[in-house]
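Data first, discussion second: the structure below is written as structure tokens.
When a ligand or atom number is given, it counts from 1 through the structure's own listing order.
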Amino acid sequence: MTSENARRPIGVFDSGVGGLTVLKALRAVLPHEDFLYLGDTARLPYGTKSGATVTRYALQTTRQLVDRGVKLLVVACNTASSVALPDLESAYPGLPVIGVIEPGAQACCRNAPRGRIAVIATAGTVRNAAYQAAILRLRPEATIATRPCQLFVSLAEEGWTEGPLVEGIAARYLEPLMAEFPDHEPDCLVLGCTHFPVLAPAIRKVLPEEVRLIDSAATTAQCVAEELSGRGLLNPSPEPGAETFLATDDPERFARMGEIFLNRELPATDVTLVDL
Ligand code: DGL
């Protein structure tokens, strides 16, 4: 029975293609797992919606993945992770659920020798203050400043990831955030939205050189690997795992944008349209 369970896929969801940054990191550490990725593109962005709405969406996307037999759920969306985890856990008591905020907080605390941490995220994640809470649990003395950068989600979904326009927007968001720290220098800047890593080169250009850029994908992947191993749920198959993609709107667009995030070809025929 356990071995049968172990062969089931891992479910991953986000509002759109942003969570593919997490999928890529998961694939790197879990080569034999099958993944089922759902991008709720019809209802993106989540970051501007109320907590109650995001929780409702998260429950519906999870239902879709659970119905397809996932053995573990990765909430590859900071906005949903910041508000919906308790409801997901009580709706699906047997299902291990891993969000991206705790791993992101662990990663930034490891990269903040002076405890100075800047966080950028969606409006919803900033409003829910989930990063502050997670960071302060690990480093009660930390100095934290946060800023919503909702336009970054649109830029990433549009595939506009570099150039003067993106750098101009990044400077406008980040300069006031840097100014909240002594010498305008936090130790690190957390990319608290899974859409943001594709903008990292443009963000890097407007940051002081010493500031480290942190994204939660690699740490999240490590947490997932440990959770699966602890539960005896690592897929025993020696074969490379498969990836299946679901989207709630326009599979062609999902595939086009997905290629940028995954850095590999993704034919539209590999993306299935679903209704939640
Ligand atoms: N990628 C998501 C996150 O990590 C949400 C972006 C959005 O839909 O606003 O927060």
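If you check the side chains of Gln64 and Arg68, you find a donor sitting under 3.5 Å from an acceptor.
The 4.0 Å heavy-atom shell around ligand 1 contains residues Asp14, Ser15, Pro45, Tyr46, Gly47, Cys77, Asn78, Thr79, Thr122, Gln150, Val153, Cys193, Thr194, His195, ordered by chain and number.
Taking the six-membered ring where the residue is Trp, Phe152 and Tyr173 present perpendicular rings, their angle passing 60° and hence far from 30°.
The pair Glu252-Arg256 fails the salt-bridge criterion, with no side-chain N (NZ, NE, NH1 or NH2) lying under 4.0 Å from an Asp/Glu carboxylate O.
Between Phe13 and Leu73 the shortest side-chain heavy-atom distance falls below 4.5 Å.
Following chains of ILVMFWY side-chain contacts shorter than 4.5 Å, one can reach Val12 starting from Val29, so the two form part of one hydrophobic cluster.
Counting non-hydrogen atoms of other residues, nucleotides and ligands closer than 6.0 Å to CD of Glu210 gives a total above 12.
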